[in-house]
Asks: 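Please read through the structure below; I'll follow up with questions.
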Amino acid sequence: MSAVDLGTDLAGLALDPPVMCASGCGGTGRELEATGDLAGLGAFTTRTITLDPRPGAAAPRLVETASGVLWETGGHNPGRAAFRAVALPALARRGVPTVVSGAGSTIGEYAELAGRLAGAPGVRGLEVNLVSRNADAYERRFCDDGFQVTKVLAAVRAELPAGVALWAKLAPGGTLPELARAAAVGGADAVVLVHGFAGITFDPDTWRPSLGGGPGLVGGPAVLSQALRCVWDVHAAVPTLPLIGCGGVRSGRDAVQMLLAGASAVQVGTWLLRDPSGARRIAVELAEELRRHDHTRPGDLVGLGHHDTPEGPR
Amino acid sequence: MSAVDLGTDLAGLALDPPVMCASGCGGTGRELEATGDLAGLGAFTTRTITLDPRPGAAAPRLVETASGVLWETGGHNPGRAAFRAVALPALARRGVPTVVSGAGSTIGEYAELAGRLAGAPGVRGLEVNLVSRNADAYERRFCDDGFQVTKVLAAVRAELPAGVALWAKLAPGGTLPELARAAAVGGADAVVLVHGFAGITFDPDTWRPSLGGGPGLVGGPAVLSQALRCVWDVHAAVPTLPLIGCGGVRSGRDAVQMLLAGASAVQVGTWLLRDPSGARRIAVELAEELRRHDHTRPGDLVGLGHHDTPEGPR
Amino acid sequence: MSAAGRVLSVKRVAAFHVVTLVAPGVAERFRPGSLVALSVGGAVSAHLTRRTFPISAVRPTGAHGGTVEVVLDAGADAGAAAEPGVRWLVGSPPGTPVDVLGPVGRPYALPKEPVSCLLVGEEAAAAPLFALAERLRARGCGVHMLLGARSDTHLVGVLEARRAARSVGVVTRDGSVGASGELADELPAVLARTAAEVVYAAGRIPTLHAVAALAEEHGAWSQTALDVPMPCALGLCQACVVPVVGEEGVTRMVRACVEGPVLRGDRVRWADLGRVPKDAR
Amino acid sequence: MSAAGRVLSVKRVAAFHVVTLVAPGVAERFRPGSLVALSVGGAVSAHLTRRTFPISAVRPTGAHGGTVEVVLDAGADAGAAAEPGVRWLVGSPPGTPVDVLGPVGRPYALPKEPVSCLLVGEEAAAAPLFALAERLRARGCGVHMLLGARSDTHLVGVLEARRAARSVGVVTRDGSVGASGELADELPAVLARTAAEVVYAAGRIPTLHAVAALAEEHGAWSQTALDVPMPCALGLCQACVVPVVGEEGVTRMVRACVEGPVLRGDRVRWADLGRVPKDAR
Ligand SMILES: Cc1cc2nc3c(=O)[nH]c(=O)nc-3n(C[C@H](O)[C@H](O)[C@H](O)COP(=O)(O)OP(=O)(O)OC[C@H]3O[C@@H](n4cnc5c(N)ncnc54)[C@H](O)[C@@H]3O)c2cc1C
Ligand SMILES: Cc1cc2nc3c(=O)[nH]c(=O)nc-3n(C[C@H](O)[C@H](O)[C@H](O)COP(=O)(O)OP(=O)(O)OC[C@H]3O[C@@H](n4cnc5c(N)ncnc54)[C@H](O)[C@@H]3O)c2cc1C
Ligand SMILES: Cc1cc2nc3c(=O)[nH]c(=O)nc-3n(C[C@H](O)[C@H](O)[C@H](O)COP(=O)(O)O)c2cc1C
Ligand SMILES: Cc1cc2nc3c(=O)[nH]c(=O)nc-3n(C[C@H](O)[C@H](O)[C@H](O)COP(=O)(O)O)c2cc1C
Ligand code: FES
Ligand code: FES
C-alpha cells in the first residue's frame with residue numbers, strides 16, 4: 001500500500017495538512033510560534049479584522065461550559081491598519097499560509113477591507129466572517145439573509161487579486177444549505193461551517209450573566225455533533241461545494257467525521273486553547289486513521305458518510 | 001427568614017417542585033416507580049404519543065457525545081389506544097400529575113389526539129410536541145412555521161376540557177421568540193423550551209452514522225448554555241409568557257439558571273438516564289440555592305438575570 | 001437501586017481486565033445473567049451514559065462489604081482504541097468512586113427439571129457462565145461447557161470450566177488451543193454428544209445467532225445473553241431495543257436492558273438486529 | 001511548554017491545599033510571580049479550560065524530577081461549593097496525570113538597587129511571595145512583609161515570614177490574630193515605618209487596588225499580581241483582559257496571562273476591571 005499523503009487542494013489553495021486554526025483561536029501567530037506550533041498548521045486563520053480597531057467586550061470574555069466554552073470577545077482587534085503593519089508581516093515572514101478573517105458592518109466595509117488586505121504579502125485567502133450585523137438592514141446579521149450573503153461575497157470577490165482564495169464563514173442555523181448556496185453564487189470558493197452556537201450562562205453567586213458582555217457563543221467538543229450536522233446538511237444539499245468543517249474538533253477521529261459528513265478540511269478552535277499543539281497532533285492522528293482503514297488521501301473520505309444512509313433527518 | 005416553598009403555580013397548574021421529567025426520558029412511569037423516583041416529580045411528562053403505534057427507529061437509538069447524548073427514537077410509542085388503556089391508568093393510580101406529550105402529522109391528528117386523551121383521568125396537561133412533520137405542508141416541521149403553530153394550538157385548545165393545561169414544545173432555532181408568540185396566540189398556557197438540537201456523529205470503525213436512523217438530536221449538559229439562551233431570548237421578547245426550561249439541566253444551580261433566564265419551571269431529560277433520582281435531588285438543591293441567596297420562592301427568580309444586563313446579543 | 005460504589009481491584013485475566021467493585025446491595029439480588037451499570041469518570045466526567053456489563057461474580061459480604069465483578073475487554077491489542085469509559089475503569093486506582101446501578105435485567109431462566117444443559121461462552125463474555133453453572137448443578141442439571149475465542153490469549157475460564165462442568169470443549173479461531181474454527185462449527189457435535197435440552201449462550205451477536213439456530217435444529221431451548229450498548233440500563237432511553245417475536249407471532253421492539261439481556265434465542269429476530277422490521281409494532 | 005506532569009502530594013496548610021506536581025522543565029525557568037496552568041479531570045474530563053495559579057515554590061530536581069507547588073483555596077468552608085476543577089485537583093491521589101503548562105506570564109520585576117521592599121500578601125495568594133523575598137534579599141534589598149486574612153485559620157506563612165523578612169505585620173478581619181481589619185488599613189503605617197520604595201502585592205482585586213493607590217500616595221512603585229481566570233494561559237483566548245494605561249496615556253486591554261499577571265499598580269485601571277473603558281483601544 002502506498003503512503004498516506006495529507007496534501008489537499010481546497011478549491012485551488014494547497015493545504016498540508018488540511019488542518020488549520022479557527023479564526024480567533026490562534027492569537028496573532030506569535031503565541032503559537034512561541035510554543036513551536038505555528039509550523040504544524042496547514043494554514044493560519046487570523047482573528048476577525050475590521051477596518052477600525054475594536055477594544056472588544058468586557059471581561060470575562062470566556063467561561064467554561066460542559067465540554068465547551070462560552071465566549072464573546074466583542075470583536076476585539078487592532079483594526080486593519082495596525083494589523084497590516086504588525087501582525088500580518090510577521091505571519092508572512094514565518095511562511096505559514098495566512099487566511100485573513102474579515103468583517104464589516106456594511107457591504108462597503110467588507111469590500112474596502114478586502115481591498116486593503118487581500119493583496120498584502122503572505123495572504124493566501126480571505127475568510128469572510130458573515131456573523132456581523134448589517135448597519136444598512138436593521139442590524140440583522142448578514143449570515144441570516146442569503147441575498148446579503150451573495151452581495152457581500154460578490155463585492156469582496158471583485159477586490160481580490162487572482163490566486164487569493166475566498167471563503168465564507170456562516171453561523172449555525174436552520175437554512176444553512178440555502179445560505180451556503182448563496183455564498184457560492186456570490187463567488188465563494190469554499191464555505192466554513194460553522195461559527196459559534198448562541199448561548200448564555202449565569203454566575204451561581206452573582207446571578208448575573210457569566211460573561212462580561214452577557215450572551216455569547218459556544219465552542220468546543222460539546223458542539224461537535226451539531227457542527228457535523230451543519231456540514232452534513234449542506235453537503236447533502238450542495239455536494240459540489242467545498243466545505244471546511246469547524247466546531248469541536250479535537251482529534252483525528254473528529255477530523256475524519258468532518259470529512260465523512262462532507263468537509264474537505266477542518267479548523268480547530270477551542271481545543272487549541274487547551275492544547276496549542278492540537279492541530280499537529282490531529283494531523284498525525286488523521287493519517288493514522290486513514291492508514292487503519294487502508295486509505296491514502298483525506299479527499300477519499302469527503303462525504304463518504306452519506307452513502308447508504310437510512311433516510312430521515314427531522 | 002421564612003422557609004423555602006417550592007410550590008409553583010404555572011399558569012394554573014400547581015407544580016411542587018417545579019421540576020419534571022422531560023418527554024421521552026421518564027419511560028412509562030413504571031421504571032421510575034421501580035427506583036422510587038416517580039413521587040419526586042412535580043409532574044410526569046409522557047413520551048410523545050401519536051394516534052397510531054410507531055415501532056420507532058433502528059438501534060442504536062442513543063449514543064454518547066461529549067457531555068451529551070445523540071438520540072433518535074423515531075417516535076416509538078404504543079399509540080393512543082394502548083397508551084390510554086395501559087400506561088395512563090397506571091400513572092393516574094400513582095397520583096403524580098401527568099402531562100401527556102402528543103404529536104400528529106396533520107392538524108386534525110393533533111386535535112383528535114387531544115380529544116381522545118385530554119379528558120382521561122389523571123391528565124393535568126397536554127404538551128403539544130411541534131417537532132413533527134406536517135404532511136399537509138411539504139413535510140415541513142410544524143415548529144418552523146408560526147402560522148401552523150398557532151393553528152395547531154387553537155385546534156387542540158378547542159378539544160381540551162377546562163382545567164387541563166396546554167403547553168407547546170418547540171425546537172431550538174433562529175425565530176423562537178416569534179414561534180413562542182404564535183403558540184401563545186393559539187392558546188398555549190406555557191411554552192416548553194426546548195426539544196433536542198440537530199446533530200450527527202459517525203462510528204470510528206464503520207464510518208457510518210452512529211445512530212441506526214442516521215441523524216439525531218442532542219441533549220444533555222452539552223446543550224445547557226444553548227437551551228438557556230433559547231429561554232433568555234424568548235423571555236426578553238415576550239416577558240409575560242410562562243416558560244418551561246428544558247435542556248441539559250442536572251443540578252439545582254442549572255435550574256436556578258433556567259429561572260434567571262426566564263423559565264418558571266424546568267424539565268430534566270437526559271440526566272435522568274444517568275440518575276433516575278435526578279429530579280428529586282435537583283429540587284433539594286434548588287431549595288438550598290434559594291436559601292443561600294435569602295429567597296423563599298422560585299418565582300422570585302424568574303427572569304432576574306435580565307436586569308441590568310449589558311446589551312448586545314449577536 | 002443506584003449506589004455509591006468504589007473500585008476494589010483491577011486484575012488481568014488473559015487479555016482482559018477483571019474489575020471488582022465494592023457495591024452495597026448488588027450481591028444479594030444477583031442472579032446469573034443479570035447486569036451492572038456503571039457510571040464512568042467521576043464528577044468531572046464528559047461521559048454521562050452508563051457502561052453496562054454482565055456480572056461475572058458477586059460476594060455478598062467480606063472485609064469491604066458486598067462486591068461485584070465484571071470482566072472487561074479494553075481492547076489494548078486491537079487496532080481500534082478502547083472505549084474511553086472502559087479505559088477509565090481499567091485504569092482506576094483502588095478507591096475510585098463509581099456509581100453502581102444493579103443488578104438489572106432478566107437473568108437466565110432455569111429449567112425446573114434436572115435436564116442436560118450446554119453453556120456456550122465466547123471470550124470475556126464466558127465469565128458469567130460459571131455462576132450459572134453452579135446454580136444449574138445445584139438443581140441437579142448436567143452441565144457441559146463449550147468455550148471459544150480468537151486465540152488462547154483470549155480464552156477465559158478453561159480451568160474453572162474443568163471443575164464446573166462434566167465436559168468442556170474448546171475452540172479457537174487460530175487453533176492455538178482446542179479445535180480450530182468458530183464455536184458454531186463445534187456446536188452440532190457437542191449438542192449431540194451432551195443431549196442438551198437447554199443451551200445458554202453468551203458472546204458476540206453472530207455467535208448467539210448461530211447458537212440459537214443450531215439449538216432449535218437440535219430441538220433444544222436456547223437462552224441467549226445479548227451484549228448491546230445499554231446507556232441507561234433503566235428502560236428509559238430505548239437505546240437498546242431489539243426485535244423479538246412474541247407469543248402471537250407479533251414482533252415488538254423490546255429493551256434489552258429490562259426485558260433482556262437474556263432472551264429466548266428462538267424469539268430474537270437475529271437477522272433484523274439493528275433494524276426495525278416492517279411488521280414490528 | 002506544556003508537559004505531562006503528575007500529582008506528587010496534596011497537603012493541608014491552614015484552610016488551604018498545597019498541591020505539589022512533578023513537572024519537567026518548569027522549575028528551571030521559574031521566576032517569582034510566574035504561573036502554572038493545569039488541565040483538570042484527565043482524559044474523561046468535561047472541563048476543557050486550564051486552571052491557572054501562581055507558583056508558590058519549585059524544586060528543580062529531586063527524587064521525582066522537577067516539581068512545582070501551588071496553594072489552592074478549595075473553599076470547603078464557604079457556602080458556595082468549590083470550583084470543580086480545584087476540587088478535582090485537591091482530591092487527586094498521588095500519581096494522577098496532570099498536563100502542566102508553565103511557567104507562564106511576566107514575573108515580579110526586581111529593583112536594580114538594594115531598596116527597601118514591602119511584600120503584601122492576602123490568604124493563599126501570599127504563598128508565592130516567599131520565593132520573591134528570597135530573590136530580593138539576594139540583591140541586598142530590605143524585605144518587609146504584611147500578611148492578611150479573614151481569620152487566623154486562613155493566614156498563610158507567618159512563621160516563614162518571620163524567617164524571611166526584617167519585619168512582619170499581620171492583619172485579620174476578625175482580629176483573631178494581629179491587627180483587626182483590612183490589609184489596607186494597616187498599609188500607610190507600614191509604608192511609613194519601612195520606607196518601602198517598592199510594594200509587591202498579591203491578593204483579591206479590592207486589596208490590590210487599595211495597595212496600588214496607597215503605594216502611589218506614599219511615592220512607592222507597586223507591582224501587583226492579578227488573580228483573574230486564565231482559561232488558556234497562552235495569550236490566545238483574550239478571556240483575561242484588563243484595562244491598562246500605557247506610556248502615552250492610552251488605555252489598552254492587555255491579557256493578564258502573558259502581559260501580566262504582574263502589572264504596575266499605577267497602570268491598572270482598577271475601577272474599570274471587568275469593563276472596557278470608552279477610551280480603550
Ligand atoms: C430452560 C427452560 C426450559 C423450559 N422447558 C420447557 C418445557 O420443557 N416445556 C414447556 O412447556 N415449557 C418450557 N419452558 C417454558 C417455561 O416453563 C415458561 O412457559 C416460560 O418461562 C414462560 O414464563 P414467563 O411468561 O414468566 O416468561 P417470559 O416473561 O416470557 O420470559 C422470562 C425469561 O425467560 C425467558 N424464557 C421464557 N420462556 C422461555 C423458554 N421457553 N425458553 C427459553 N427461555 C425462555 C425469556 O426470554 C426471559 O428471559 C422452559 C423454559 C426455560 C427457560
Ligand atoms: C521595582 C522597580 C523599581 C523601579 N525604580 C525606578 C526608579 O527608581 N527610577 C526609574 O526611573 N525607573 C524605575 N523603574 C522603572 C524601570 O527601570 C524601567 O523603566 C521599567 O521596568 C520599564 O522596562 P520595560 O519596558 O522592560 O518594562 P515593561 O515591559 O513596561 O514591564 C515589565 C514588567 O515590569 C513591570 N514594570 C515596568 N515598569 C515598572 C515600574 N516602573 N514599576 C513597577 N513595575 C514596572 C510591568 O508591569 C511588567 O510587569 C523601576 C521599576 C521597577 C520594577
Ligand atoms: C475565544 C474565541 C474567539 C473567537 N474569535 C473568532 C473570530 O474572531 N472570528 C470568527 O469568525 N470566529 C471566532 N471564533 C469562533 C471559532 O473560529 C469557531 O468558529 C468556533 O469556536 C467553533 O469551533 P471550535 O468548537 O473548534 O472552537 C472564536 C472562538 C473562540 C472560542
Ligand atoms: C432518549 C430521549 C427520548 C426523547 N423523547 C422525546 C419525546 O418523545 N418527545 C419530546 O418532545 N422530546 C423527547 N426528547 C427530548 C427531551 O424531552 C428534551 O427536550 C431534550 O432532550 C433536551 O433536554 P435534556 O438535555 O434535559 O435531555 C427525548 C430525549 C431523549 C434523550
Ligand atoms: S439502555 Fe436505556 S432503555 Fe435500555
Ligand atoms: S487566558 Fe487566554 S489569553 Fe489570557
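Within every chain, numbering begins at 1; the chains are lettered A, B, ... in the order of the sequence lines, protein sequences first and strands thereafter.
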Asks: Between D:Ala37, D:Pro277, D:Ser39, D:Ala239, which has the largest tally of heavy atom pairs under 4.5 Å with chain A?
Replies: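 Looking at each option in turn, the highest pair count goes to D:Ala239.
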
Asks: Working to the nearest 0.5 angstrom, can you tell me the gap between A:Glu31 CD and D:Cys232 SG?
Replies: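 One gets 8.5 Å once the value is rounded to the nearest 0.5 Å.
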
Asks: Step through the shown structure and confirm whether more than 12 heavy atoms of other residues, nucleotides or ligands are within 6.0 Å of CZ on A:Arg281.
Replies: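 Yes, the 6.0 Å shell around CZ holds more than 12 heavy atoms from other groups.
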
Asks: Is it the side chain or the backbone of D:Arg252 that comes within 4.5 Å of chain A heavy atoms, both, or neither?
Replies: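 Neither part.
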
Asks: Side-chain contact, heavy-atom cut-off 4.5 Å: D:Leu48 with A:Pro221?
Replies: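 SC-SC contact between D:Leu48 and A:Pro221 confirmed.
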
Asks: To the nearest 0.5 Å, what is the distance between CG on D:Leu234 and CG on A:Leu272?
Replies: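 It is 9.5 Å, given to the nearest 0.5 Å.
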
Asks: Tell me, which pairs form a side chain to side chain donor-acceptor pair (under 3.5 Å) where one or both residues lie in residues 235-245 of chain D, sequence neighbours left out?
Replies: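 Qualifying pairs: A:Arg61-D:Gln238, A:His76-D:Gln238.
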
Asks: Measuring from atom CG of A:Leu62 to atom SG of D:Cys237, what distance do you get when rounded to the nearest 0.5 angstrom?
Replies: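 Here the interatomic distance stands at 5.0 Å.
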
Asks: Let me confirm one number: the CZ-CG distance from A:Arg274 to D:Leu236, rounded to the nearest 0.5 Å.
Replies: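 Spacing of CZ (A:Arg274) from CG (D:Leu236) equals 14.5 Å.
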
Asks: With respect to A:Pro55, which candidate in D:Val276, D:Thr251, D:Val241, D:Asp279 satisfies the side-chain contact (heavy atoms from CB on, under 4.5 Å) definition?
Replies: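 Looking at D:Val276, D:Thr251, D:Val241, D:Asp279, the match for A:Pro55 under the side-chain contact (heavy atoms from CB on, under 4.5 Å) is D:Val276.
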
Asks: D:Glu69: which residues meet the side chain to side chain contact (heavy atoms under 4.5 Å, CB included) condition with it, sequence neighbours left out?
Replies: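 For D:Glu69, the residues satisfying side chain to side chain contact (heavy atoms under 4.5 Å, CB included) (neighbours in sequence not counted) are D:Val18, D:Thr20, D:Ser56, D:Ala57.
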
Asks: Report the distance from atom CG of D:Leu101 to atom OG1 of A:Thr35, rounding to the nearest 0.5 Å.
Replies: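 One gets 9.0 Å once the value is rounded to the nearest 0.5 Å.
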
Asks: Is the number of heavy atoms from other residues, nucleotides or ligands under 6.0 Å of A:Arg84 CZ greater than 12?
Replies: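 Buried by this count: over 12 neighbours within 6.0 Å.
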
Asks: Looking at A:Ser277, A:Ala59, A:Ala222, which has the largest count of heavy-atom pairs under 4.5 Å with chain D?
Replies: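 Ranked by contacts with chain D, first place is A:Ala59.
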
